[in-house]
Amino acid sequence: MNIGIDRIDFYTPNQYVDLVDLAKRRDVDPDKFTIGIGQEKMGLPLISQDAVTMAAMAADKILDEATKKDIELLIIGTESGVDESKAASLFVRDLIGLPKTVRAFEIKEACYGATAGIQMAYNFVAQNPEKSALVISSDIARYGLNTPGEVTQGAGAVAMLIKAEPKILALQNDSVFMSENVGDFWRPTFSKYAFARGKFSNEVYIRFFDELYDAYFEKNNTTIDDLSAILFHIPYSKMGKKALQSVENKVDEAKYHELMQRYESSILLSKSIGNLYTGSLYLGLISYLENAEDLKTDDQIMLFSYGSGSMGEIFTGKLQPGYKENLNQEQHLKELAERRKLSVDEYETEFKKEIEIVDGDWFIGNLTNEKYYLEQIKENERIYKSL
Ligand code: HMG
C-alpha cells in the first residue's frame, strides 16, 4: 500500500513587503537581499491573523465535506503557537468543521514540526488505511526590525492530506534522521522574536544535510542517479543552494547541473513569500511540482527537513500519476499577484502593533475580509470567527 500526500495547498497573508524597498530603507545594496540572500518579497500578517487563522485558511483549500469525514488525525506543526497550553489544532478543528472523533494536537520543533507530523500521519494511515490525517504547518517568521534576519521573515501555512493511495506523492518510508542540542536559532518564551546565530545556523544546516545525505545512501539501496530532485527547507533561497553546492563533489557534473536547475523551480514561491518556518520545505514541494519541467510519474524526490535546535531528516517520495490535476498553479499566481504591497512605513507600523488586553478583553473585528479571523480576546480567551 502506498501512503503519502493526497492533497496539498498553502496560504499566505494578502500583504507583502518588497525587499528592494526594504534594502533601500536599511541602506543596504538591494543585490544583497535579492542575490546574496535570494529573496524578493516577504508576506506579513495583520494583527488579526495568526497560526490558527492561517492554518484554517490553508486547510480549507484542500478539504470538502466527504474528505473531512475520513480524517481522524489533525496535527499542526508550529513554532508560533497562540497558547502555551492549548493546541492550535483545537481552534482549527472547530473552524474548519472536522468531526469530534479526531485526535488533534500541536507539534513543536522549530521548522521540523510538520515533518514530524507527516511521519506520525504515515504510521497512523499504515495502521488505519481507510482513514486519513490532516497535517498543517503554520508560522510567522519574525526576527525584528533592523536585524540581520529581518530580510528572511515571512508568514503562511501549508496543509497536507495524508492518506493511502495518494494522488500526489507516495512516501517511501526510507527516512534517515539526526538530532543535536545546538544554539543556532531559538525563541525563548519571554521573547516575541527569534534569536539566531546567523552564520553558525547556516553551518549547522549544511552539516546536517551533508551527514544525512551520506547516511541516506548508506541505509537505502539507491544512488543519486535514482533521484530526480533534492528539495530543501528554505529559510531563504540561497540557503538550500549552499547546501546543494556542498555535495557538488559527490555528484557527476550533468547530475549536479540537473539538481541545481530543479532546485531553482522549488524556490520560486519562497522567494516571493519568505520563510514559513515549518511549512517552507512543503511550499518548496508545491513550487517544484508547479514549475519544474519534464516531471514524470515515479520520479523520486528527496526532501531535506531541518529544524533549528536541531533536528534533521531526509526522506523521499515518488510522484503519482494524478499529481498535476491536484495542483492549483493558476490560483496561486492570481493570489500572489493580488496581494497588497505595503510601504516600509506601513510594514513597520503593522509590525509594531501589539495586542492590548484590558481587563482580559480586546476587540479586533475582521480586518482582512478573509474567511477565518481572530475576532477578539474575551476573558483572556481567543475568540476566532468564520465568515
Ligand atoms: P548577514 O550577515 O546580513 O548577511 O546575514 P551576509 O553578510 O552573510 O551576506 C549574505 C550573502 O549576501 C553573502 O553571500 C554575501 O556575500 C552576499 P554568501 O557568502 O552567503 O553566499 N552579499 C551580496 N551579494 C550581492 N550583492 C551584494 C552583497 N552583499 C552581500 N551587494 C543571514 C545573513 C542569513 C545569516 C541572516 O539573514 C540571518 O541570521 N537569518 C536568520 C537565520 C537563518 O535563516 N538561518 C538559516 C539556517 S537555520 C534554519 O534554516 C532554521 C530556521 O528556518 C528556523 C527554524 O528552524 O525554525 C531559520
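This is a predicted model, so every value here is computed, not measured. Just follow the structure's listing: the first ligand is 1, and inside any ligand the first atom is 1. If you read the sequence from its start, that first residue is 1, and numbering goes on from there.
In terms of protein heavy-atom proximity, atom 14 (O) of ligand 1 is nearest to Lys238 NZ, 3.3 Å. At the top of the distance list for atom 15 (C) of ligand 1, counting protein heavy atoms only, stands Gly36 CA, 4.9 Å. The single protein non-hydrogen atom nearest to atom 51 (C) of ligand 1 is Ser308 OG, 3.1 Å, given as residue, atom name and distance. Distance from atom 9 (O) of ligand 1 to its nearest protein heavy atom, with residue and atom name: Lys32 CE, 3.6 Å. With respect to atom 38 (C) of ligand 1, the closest heavy atom belonging to the protein is Gly149 CA, 3.8 Å. Atom 31 (N) of ligand 1 has Asp29 OD2, 2.9 Å as its closest protein atom, hydrogens excluded (heavy atom only). Of the protein's non-hydrogen atoms, the one nearest atom 52 (C) of ligand 1 is Cys111 SG, 3.6 Å. Nearest to atom 25 (C) of ligand 1 among the protein's heavy atoms is Asp31 O, 3.5 Å.
When the heavy-atom distances from atom 58 (C) of ligand 1 to Tyr306, Tyr277, Trp186, Tyr143 are ranked, the shortest goes to Tyr143. Comparing Ser310, Ser201, Ser305 by heavy-atom distance to atom 47 (C) of ligand 1, the nearest is Ser201.
Under a 4.0 Å criterion applied to the non-hydrogen atoms of Tyr236, ligand 1 contributes the atoms 34 (C), 44 (O), 46 (C). Each of the following atoms of ligand 1 lies closer than 4.0 Å to a heavy atom of Pro148: 36 (C), 37 (O). Close contacts between ligand 1 and Tyr205 involve ligand atoms 50 (O) [criterion: under 4.0 Å to a heavy atom]. Against a heavy-atom cut-off of under 4.0 Å, Met239 is close to the following atoms of ligand 1: 46 (C), 47 (C). Close approach of ligand 1 to Ala110 is summarised as follows: ligand atoms under 4.0 Å from at least one heavy atom of the residue are 55 (C), 56 (O), 57 (O). Of all atoms in ligand 1, listed by their number and element, those nearer than 4.0 Å to a heavy atom of Asn202 are 45 (N), 46 (C), 47 (C). Listed by number with element, the atoms of ligand 1 under 4.0 Å from a non-hydrogen atom of Gly198 are 35 (C), 39 (O). Counting atoms of ligand 1 from 1 in the listed order, those under 4.0 Å from a heavy atom of Gly307 are 56 (O).
Taking the six-membered ring for Trp, Tyr143 and Tyr193 have ring centres at least 6.0 Å apart. For Tyr277 and Phe185, the ring centers are positioned less than 6.0 Å apart. Two rings, from Phe232 and Tyr263, have their centers less than 6.0 Å apart. Aromatic rings from Tyr205 and Phe304 are positioned such that their centres are separated by under 6.0 Å.
Glu348 has a carboxylate O that lies under 4.0 Å from a charged side-chain N of Arg26, or vice versa, which qualifies the two as a salt bridge. Between Glu264 and Lys241, at least one side-chain N (NZ, or NE/NH1/NH2) sits under 4.0 Å from a carboxylate O, which counts as a salt bridge.
The shortest N or O to N or O distance between His233 and ligand 1 is under 3.5 Å.
Protein heavy atoms are found less than 4.0 angstrom from atom 28 (C) of ligand 1. Counting only heavy atoms, the protein gets under 4.0 Å from atom 56 (O) of ligand 1. Using a 4.0 Å threshold on non-hydrogen atoms, atom 36 (C) of ligand 1 counts as touching the protein.
Formation of a donor-acceptor pair under 3.5 Å by the Asp139 side chain with backbone atoms of Thr278 is found in this model.
Neither the backbone nor the side chain of Glu150 comes within 4.0 Å of ligand 1, counting heavy atoms alone. When heavy-atom distances to ligand 1 are checked against a 4.0 Å cut-off, Asn275 comes that close only through its side chain, counted from C-beta outward. For Tyr112, no heavy-atom contact with ligand 1 is shorter than 4.0 Å.
Two residues are said to be in side-chain contact when any heavy atoms from C-beta on lie closer than 4.5 Å; Gln376 and Ile364 fail this criterion. Put simply, the side chain of Lys255 reaches to within 4.5 Å of the side chain of Ile224, judged on heavy atoms.
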Report, one line per pair, each donor and acceptor closer than 3.5 Å where one atom sits in a side chain of residues 30-40; sequence neighbours left out.
residue	atom	partner	partner atom	Å
Thr34	OG1	Pro30	O	3.1
Gln39	OE1	Ser237	N	2.8
Gln39	NE2	Ser270	O	2.9

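Remark: the Tyr11 side chain and the Glu370 side chain contain an N/O donor-acceptor pair separated by less than 3.5 Å. Side chain to side chain, Tyr323 and Asp299 fail the donor-acceptor criterion of an N or O pair below 3.5 Å.
Screening Asn326, Leu169, Ile301 for a side-chain contact (heavy atoms from CB on, under 4.5 Å) with Leu289, the sole residue that qualifies is Ile301. The residue from Ser175, Ser305, Ser179 that alone fulfils the side chain to side chain donor-acceptor pair (under 3.5 Å) condition with Glu313 is Ser175.
By the side chain to side chain donor-acceptor pair (under 3.5 Å) test, Glu109 is found to be paired with no residue, residues two or more places apart in sequence or in another chain being considered.
Residue contacts with ligand 1 do not include Arg197, since none of its heavy atoms lies under 4.0 Å from the ligand.
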